[in-house]
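First the proteins, then the strands, lettered A, B, ... as listed; each starts at 1.
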Amino acid sequence: MTGAPDTSYDNILEIKNLQTSFFTKDLEVKAVDGVSFSIPKGKVLGVVGESGSGKSITSLSILRLIEEPGKVKGGEILFKGENLLDKSEAQMRKIRGNEISMIFQEPMTSLNPTFTVGQQIGESFRIHQGLSKKEAKKKSVDMLKLVGIPSPEKRVDQYPFELSGGMRQRVMIAIALACNPDLLIADEPTTALDVTIQAQILDLMKELQEKLDMGILLITHDLGVVAETCDYVAVMYCGKVVEFTDKKTLFTEPKHPYTVGLMESIPQYDQDIEGDLAVIKGSVPSPADMPKGCRFAPRCPFATDLCRNKLPDLETDEDGNQIRCWIYSDEWDGDPEVNVYERSESTS
Amino acid sequence: MSDQKVLLKVNDLKQYFPIKGGIFGRTINHVKAVDDVSFEIFEGETLSIVGESGCGKSTTGRAILRLDEPTAGEVEFDNTNILELNKKEMNKFRKDMQIIFQDPYASINPRHTVRQILTEAMEIQNAVPKKERNDRVKELMDTVGLGPHQADRYPHEFSGGQRQRIGIARALSVNPRLIIADEAVSALDVSIQAQVINLLKKLQREFKLTYLFISHDLGVVRHISDRIIVMYLGKVVEIADKNSLFTNNMHPYTKALLSAIPSTDVEKEKERIMLKGDVPSPIDPPEGCRFHTRCPFATDLCRTKVPELRNTEGMKDGHRAACHHMEAIRSGEHQPQVNA
Ligand SMILES: Nc1ncnc2c1ncn2[C@@H]1O[C@H](COP(=O)(O)OP(=O)(O)OP(=O)(O)O)[C@@H](O)[C@H]1O
Ligand SMILES: Nc1ncnc2c1ncn2[C@@H]1O[C@H](COP(=O)(O)OP(=O)(O)O)[C@@H](O)[C@H]1O
Ligand code: SF4
Ligand code: SF4
Ligand SMILES: [Mg+2]
Ligand SMILES: [Mg+2]
C-alpha cells in the first residue's frame with residue numbers, strides 16, 4: 001500500500017473472500033474457505049459456529065499468525081482501509097497489540113507465568129508508548145482498576161497463578177486494552193469461566209467498548225452471549241459464512257436452515273420444550289470428503305439436487321443481510337412455499 | 001412424588017480432601033469439597049445437580065459410587081447403606097450404578113474395539129452370560145444408534161458424539177438401575193448434544209432408568225430434569241421440582257445464577273443480579289451462610305449462623321432452600337444491604 005492512509009473507511013475491518021488452508025500429507029484442509037464480513041467502526045460482530053468451522057483460524061489470519069503448514073491463500077483483510085495481507089512482518093508487529101488486540105479462551109496459557117501481572121500489562125506501554133518502568137507500572141495499576149480488580153496496587157506485583165480464573169481473564173482484558181486498540185479480537189473469552197463471572201466480564205467488555213469506541217470481533221459458540229453482546233452476527237459452517245445479519249434479525253427471523261437448526265436444537269434455560277429436542281441429523285463432514293454443493297446439504301432437511309450439486313453464493317439482500325442458501329434464490333428447484341421453521345420430525 | 005420409591009438416599013455426605021504440607025507432608029488442612037449433603041432420588045426420575053465450577057458436583061457423584069471413599073455420611077441404595085459394604089459385597093451393587101463422564105475419550109480404552117469395550121464391562125460385572133454377550137453387543141449398538149457393523153472399530157474412528165454413545169452403551173451393558181452422568185454432553189458440539197440428550201431420554205423411558213445428571217448448563221438441565229439441586233461451595237442451597245426451581249426459586253444464589261445466564265430472547269430486557277467477586281476457597285469457607293461474602297442480602301445473622309434447608313409457606317412439597325431471610329426477601333421486606 002502506498003500514499004497517505006485512507007481515513008474515509010466506514011468499517012474498521014472488512015474481510016473479502018479470505019481463504020486459509022492447511023496442507024497436510026495428502027490433503028488440503030480449507031479451514032477458511034472464502035469468508036467475507038465487515039465490522040462497522042465501534043460495533044461488535046459475533047462469529048458463531050460449531051467447533052472446526054473456522055472461527056479461530058479466521059481470527060488468526062487477520063492477525064497474520066497462521067503457522068506452517070497453514071497458509072493464507074487469498075482474499076483481502078482491510079483494516080482501516082488498508083490490506084493487512086500487504087504488510088511486512090515488521091509492520092504487523094506494530095499493529096498487533098497496538099491497533100489490534102486479542103484475547104484468547106484460556107487465560108492461564110496466554111499469560112506468561114514467569115512475569116508479574118504489572119510487567120505484562122506494562123510491556124505494551126513501554127514498547128508502544130516508550131514509557132519508563134515506573135510510569136508503566138502506574139498505568140498498569142490504572143488498567144487493573146479499570147477492569148475492576150480489587151486492591152490493584154497489590155495485584156500488580158502478583159504472578160498469574162496467584163489469581164483466580166476470572167481475575168486472570170480480567171488481566172488479559174487489561175493487557176488487550178492497555179494500548180487503546182481500534183479493534184479487539186476475542187476468541188471464546190468467557191467459555192472457560194463460570195456464568196456469574198462471565199456476566200461480569202461481558203458487562204465489562206461492553207462498558208469499555210462504548211467508552212473506548214472500539215470494534216470487537218467476538219468468537220463464541222454460545223448464542224446467549226451473542227444475543228446479549230453483539231450488534232451483528234456471522235454464522236459459519238465448514239469454513240464459510242452462511243448467514244450474516246444484525247443481531248435482532250438473526251434471533252427473530254433466522255433464514256438459513258443451519259441457523260434455524262442450531263437455534264432449535266439448543267435448549268434454553270428460560271423456555272420449556274415439549275417432547276424431544278429438534279436435532280440436526282448427522283455430523284459436520286470431514287475435510288477429506290467435503291460435499292461439493294452446499295456444505296450443509298447432507299444434513300439439511302430441505303436439500304434438493306441443485307443443493308447437492310452446486311454451491312450457493314453468499315447473496316446480499318436490500319437490507320444488507322447476507323445468506324448462502326438456494327431457497328432464497330430464483331434458481332430454487334424445491335417447494336416454492338418452503339418454510340424453514342417447519343423442520344422434519346426430530347430423530348435421535 | 002412422595003408415593004414414589006426412593007432408589008438412592010444420601011445422608012449428611014461429607015468429602016474432605018486432605019492438604020499435605022510442610023517438610024513432613026502432614027495434613028495441614030482440608031478442602032471441604034462436599035459438606036453435609038443430603039438428598040433422595042426416586043426411581044425412574046432425573047435429578048440434576050447444578051452449580052459453578054468447584055462447588056462439589058462431581059465429588060458428590062464420585063462419593064456415591066465410592067470412587068473416592070467419602071469422609072462421612074450414608075449412601076443408601078435400595079435400602080442398603082453401601083458405604084458399610086466390603087469390596088465383595090460392593091461389587092454386587094456396582095453393576096446397578098454406572099457413570100458416564102464428560103470426556104468420552106479419556107474414559108474408554110483406545111486400544112480396544114467397541115466390542116471388546118462392551119464385552120469387558122459385562123465380564124467384569126458378570127452381568128450377562130458368556131454366550132449371550134455377542135448378541136448383547138449388537139443390541140446395545142442398535143440401542144444407542146451406532147450400527148452393529150461398527151462394533152469392530154476403534155474409538156478413534158468415531159466422532160465425539162459417537163464416542164459418547166459408546167460410553168453410554170458401556171454403562172448400559174450391565175443393565176444398571178442408576179446412571180450418574182457427569183457433564184455427559186458438555187463437551188459435545190451443540191448439534192450433536194441434542195442427539196445425545198434425546199437418546200438419554202429415550203433410554204430412560206425404555207429401561208426405567210434413574211439419572212443423577214451433573215451439569216453446569218441450565219438450559220440442558222431444564223429440559224432433562226424432574227428435580228434439581230443447586231450447590232454452592234460444597235452445600236446444597238436449594239432443591240426443588242423443575243417448575244419451582246425456574247419459576248418460584250427462593251435462594252438468592254439460585255436467583256443470581258439464573259439471572260447470569262445470557263438469554264437468546266432479544267426482545268426482552270433482562271434484569272441481572274451482578275454478584276461481586278469470586279467463589280471463596282473451599283479450604284476456609286465463610287462462616288455461617290457460605291454465600292454471605294457475595295450475597296446482596298447478607299446480614300450479621302448470615303455471617304454467624306448456618307442456614308438450614310427448609311420449606312416455607314408458598315413453596316411446594318419437597319421444595320427447600322437454605323436462606324435465613326427467604327420469606328422477607330420474597331415479600332420485599334428485606335432489601336439488598338447497602339454495604340453488603
Ligand atoms: N482429589 C482431590 N483432592 C483435593 N481436592 C479435590 C479433589 N477432588 C476435588 N477437589 C476439590 O473439591 C472441590 C469440588 O470439586 P468438584 O470436582 O466436585 O467440583 P465440580 O462441582 O464438579 O466442578 P466442575 O463444574 O468444575 O466440574 C474443588 O474445590 C476441588 O478443587
Ligand atoms: N494446525 C492445523 N493443521 C491442520 N488443520 C488445522 C490446523 N488448525 C486448524 N485446522 C483445521 O481448520 C479447521 C478450522 O479450525 P478452527 O478455526 O480452529 O475452528 P473453530 O471454529 O473451532 O475455531 C478445522 O477443520 C481444523 O481441524
Ligand atoms: S442450499 Fe440447499 S442444502 Fe444448503 S442450506 Fe439451503 S436448502 Fe439446505
Ligand atoms: S442466608 Fe443470608 S447470606 Fe445466605 S443467602 Fe440468605 S440472605 Fe444471603
Ligand atoms: Mg476455536
Ligand atoms: Mg465436575
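Rounded to the nearest 0.5 Å, atoms NZ (A:Lys247) and OG1 (B:Thr264) are 11.5 Å apart. A distance of 11.5 Å separates OG of A:Ser283 from CG of B:Leu188, quoted to the nearest 0.5 Å. The distance from atom CD1 of A:Ile280 to atom CD of B:Gln195, rounded to the nearest 0.5 Å, is 8.5 Å. Note that the NE2 atom of B:His223 and the CD1 atom of A:Ile266 stand 13.0 Å from one another [nearest 0.5 Å]. How far NZ of B:Lys201 is from CG of A:Leu277: 7.5 Å, rounded to the nearest 0.5 Å. Rounded to the nearest 0.5 Å, atoms CG (B:Asp265) and CD (A:Gln268) are 9.5 Å apart.
With a 4.5 angstrom heavy-atom cutoff, B:Ile197 touches chain A only via side-chain atoms. Of the two parts of B:Val266, only the side chain, counted from C-beta on, holds a non-hydrogen atom closer than 4.5 Å to a non-hydrogen atom of chain A. Contact annotation for B:Leu258: both backbone and side-chain heavy atoms come within less than 4.5 Å of a heavy atom of chain A. With a threshold of 4.5 angstrom between heavy atoms, B:Gln162 does not approach chain A through any atom at all. Contacts of A:Ile273 with chain B are made by both backbone and side-chain atoms, with heavy-atom separations under 4.5 Å.
Looking at B:Arg222 and A:Asp272, a side-chain N of the basic residue comes within less than 4.0 Å of a carboxylate O on the acidic one, giving a salt bridge.
Environment of NZ in B:Lys138: sparse, with no more than 12 heavy atoms of neighbouring residues, nucleotides or ligands closer than 6.0 Å.
When side chains are defined from C-beta on, A:Thr196 counts as touching B:Glu52, because their heavy atoms get closer than 4.5 Å. Under the 4.5 Å side-chain criterion, counting only non-hydrogen atoms from C-beta, A:Asp203 is in contact with B:Met274. When side chains are defined from C-beta on, B:Lys270 counts as touching A:Glu228, because their heavy atoms get closer than 4.5 Å.
With chain B as partner, the option from A:Gln271, A:Met167, A:Met263 having the largest number of non-hydrogen pairs under 4.5 angstrom is A:Gln271. The choice from B:Leu275, B:Leu218, B:Ile261 that makes the most heavy-atom pairs within less than 4.5 Å of chain A is B:Ile261. For the set A:Gln200, A:His221, A:Lys248, the entry with the most heavy-atom pairs within less than 4.5 Å of chain B is A:Gln200.
No donor-acceptor pair under 3.5 Å is formed between the side chain of B:Asn198 and the backbone N or O of A:Asp276.
Taking every heavy atom of both residues into account, B:Ala194 and A:Ala278 meet most closely at CB-O, 3.7 Å.
There is a side-chain donor-acceptor pair under 3.5 Å between B:Ser263 and A:Asp270.
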* Verdict with supporting geometry, B:Val190 and A:Glu50, side chain to side chain contact (heavy atoms under 4.5 Å, CB included) -> CA-CA 7 Å; B:Val190 282; A:Glu50 291 173 83; 4.3 Å; yes

